[in-house]
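All figures in this text were calculated on a predicted structure; none of them were measured in a lab. We're numbering straight along the sequence, starting at 1.
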Amino acid sequence: ARFDNRRDEYLVPDVYVRQDGDEWVTTLSAESNPSLRLNKFYINLLRKSGGKDAEYLRGRLQEARWLLSSLELRNRTLLKVSQSIVDAQKGFLSEGEIAMKPLILKDISEQIGVHESTVSRATTRKYMLTPRGIFELKYFFSSHVRTLSGGMVSAVATKARIQMLIENEPTNQPLSDQEISHLLRETGILAARRTVAKYREALGIGSSGERRRLYRRTADF
């Protein structure tokens with residue numbers, strides 16, 4: 001402990017989400033939205049000054065107003081982006097990862113009328129507190145997997161289904177990636193064996209052989 005200088009870091013949410021009847025509503029966190037205002041002392045000083053002093057103070061006042069305007073625009077954009085994400089991911093808020101919808105930056109940018117780069121900046125290292133925990137805004141954007149009906153299901157929802165299948169598999173005969181692919185197809189999700197393997201590894205879950213050995217060791221213990 002004498003040589004460990006690490007400090008605990010806590011995530012402070014930028015946005016809060018609450019349910020109001022059938023709707024989900026977002027609000028900005030007071031901690032991430034400090035109240036700033038112009039200092040009246042310097043405004044009064046500007047009124048009494050002249051010449052170069054007045055010119056200097058007038059320039060600083062313009063910069064201060066620009067800063068306040070930029071912060072206000074930033075907060076409005078963050079709130080719009082957050083609300084659009086929540087509107088798109090109501091299923092996740094109600095049912096969890098298995099109901100996550102496919103979502104890309106372009107979907108949000110078109111909905112609120114800004115460039116994709118603006119949405120990207122607004123969601124970088126910004127966190128949302130939901131009844132299901134705290135998540136970075138970028139968490140709600142997900143690639144997709146095609147379905148038999150020609151639709152799409154998010155990668156997050158597909159991972160959740162894979163994890164559910166593995167959690168309920170018979171311990172004496174763990175499911176192979178190919179078997180999981182077939183079971184997903186029965187639910188309408190077209191995920192190739194390689195896709196299943198990639199998602200399984202992303203979840204930190206071993207192969208069927210590794211799980212079989214783990215089950216045996218657990219049983220022996």
Side-chain angles (χ1 to χ4, degrees), residues 4-94 97 100-144 154-156:
D4 188 354
N5 59 2
R6 291 176 298 178
R7 300 176 61 184
D8 292 333
E9 294 185 8
Y10 300 93
L11 293 177
V12 178
D14 300 275
V15 182
Y16 290 95
V17 180
R18 61 181 175 83
Q19 191 169 17
D20 185 6
D22 295 332
E23 298 297 322
W24 291 92
V25 181
T26 59
T27 54
L28 294 182
S29 166
E31 290 84 352
S32 64
N33 184 26
S35 178
L36 300 180
R37 60 183 183 275
L38 296 174
N39 191 319
K40 291 183 179 180
F41 172 80
Y42 292 101
I43 294 177
N44 292 330
L45 187 62
L46 173 60
R47 291 170 180 164
K48 299 176 184 177
S49 302
K52 291 185 177 180
D53 290 340
E55 184 180 343
Y56 174 80
L57 290 171
R58 196 175 294 112
R60 304 294 77 75
L61 177 61
Q62 184 176 351
E63 290 178 0
R65 285 174 172 164
W66 177 84
L67 174 61
L68 292 175
S69 177
S70 297
L71 288 173
E72 184 180 351
L73 177 60
R74 173 257 190 196
N75 290 337
R76 286 202 306 267
T77 301
L78 177 58
L79 192 59
K80 285 182 181 179
V81 169
S82 301
Q83 187 62 56
S84 295
I85 291 173
V86 166
D87 290 341
Q89 301 294 6
K90 290 180 180 178
F92 167 80
L93 295 171
S94 301
E97 292 181 336
M100 184 78 85
K101 295 283 184 65
L103 188 65
I104 57 176
L105 296 175
K106 185 178 180 181
D107 296 332
I108 300 298
S109 68
E110 291 180 346
Q111 186 172 344
I112 66 176
V114 298
H115 195 272
E116 286 182 49
S117 61
T118 301
V119 178
S120 179
R121 288 194 300 271
T123 53
T124 299
R125 295 190 62 80
K126 299 294 190 304
Y127 296 89
M128 179 185 291
L129 181 63
T130 77
R132 294 191 174 275
I134 186 169
F135 301 91
E136 187 176 7
L137 292 183
K138 286 194 180 296
Y139 170 78
F140 296 96
F141 294 93
S142 172
S143 57
H144 64 271
S154 75
V156 173

- Side chain proximity check, L28 to V15, heavy atoms < 4.5 angstrom: yes
- Find the distance between CG (L129) and CG (L11) and round it off to the nearest 0.5 Å. 10.5 Å
- Message: Applying side chain to side chain contact (heavy atoms under 4.5 Å, CB included) to T130 and F135, what does each step give before you reach the verdict?
- Response: CA-CA 8 Å; T130 77; F135 301 91; 3.6 Å; yes
- Rounded to the nearest 0.5 Å, what's the gap from CG on L68 to CZ on R37? Could you check? 11.0 Å
- Query: Under 3.5 Å, side chain of S29 to main-chain N/O of P13, donor-acceptor pair present?
  - Reply: yes
- Query: Closest approach of A122 and K126, non-hydrogen atoms and distance?
  - Reply: O-CG, 3.0 Å
- Query: So, Q83 side chain and T26 main chain: donor-acceptor pair closer than 3.5 Å or not?
  - Reply: yes
- Item | Main-chain N/O of A155 paired to S142 side chain as donor or acceptor, under 3.5 Å | yes
- Query: For the atom pair CD1 (I85) and CG (L137), what is the distance rounded to the nearest 0.5 Å?
  - Reply: 5.0 Å
- Item | Test log, rule side chain to side chain contact (heavy atoms under 4.5 Å, CB included), inputs T123 and F140 | CA-CA 10 Å; T123 53; F140 296 96; over 6 Å; no
- Query: Roughly how far, to the nearest 0.5 Å, is the CG atom of L45 from the CG atom of N39?
  - Reply: 10.0 Å
- Taking S154 for the side chain and M100 for the main chain, is one N or O donor matched with an acceptor at less than 3.5 Å? yes
- Going by an N to O cut-off under 4.0 Å, is there a salt bridge joining R58 and E55? no
- Query: Within a strict 4.5 Å, meaning less than it, do heavy atoms of the M128 and S82 side chains meet?
  - Reply: yes
- When rounded to the nearest 0.5 Å, the distance separating CG of L71 from CH2 of W66 is 9.0 Å
- Message: Is it the case that the side chain of S84 and the backbone of K80 share a donor-acceptor pair, with hydrogens and angles ignored and the cut-off at 3.5 Å?
- Response: yes
- Message: Just so I know, are the side chains of R74 and L78 near enough to count as touching, which here means a heavy-atom distance under 4.5 Å?
- Response: yes
- Item | Derivation and outcome, side chain to side chain contact (heavy atoms under 4.5 Å, CB included), residues L61 and R65 | CA-CA 6 Å; L61 177 61; R65 285 174 172 164; 3.8 Å; yes
- Item | Short side-chain to backbone donor-acceptor contact, S94 and G91, under 3.5 Å | no
Can you give each donor-acceptor pair under 3.5 Å made by side-chain atoms of residues 101-108, sequence neighbours left out, with the distance rounded to 0.1 Å?
{"residue": "D107", "atom": "OD2", "partner": "I104", "partner atom": "N", "Å": "3.1"}

- Task: Say whether, by atom type as modelled, one donor and one acceptor occur between the side chain of S120 and the main chain of E116 under 3.5 angstrom.
- Result: no
- Are the side chain of R18 and the backbone N or O of V25 linked by a donor-acceptor pair below 3.5 Å? no
- Could you tell me whether Q62 atom CD has more than 12 heavy atoms of other residues or ligands within 6.0 Å of it? no
- Item | Criterion side chain to side chain contact (heavy atoms under 4.5 Å, CB included) on E23 and K90, from CA distance to verdict | CA-CA 9 Å; E23 298 297 322; K90 290 180 180 178; 3.5 Å; yes
- Kindly compute the distance separating CG (L93) from CZ (R132), expressed to the nearest 0.5 Å. 7.5 Å
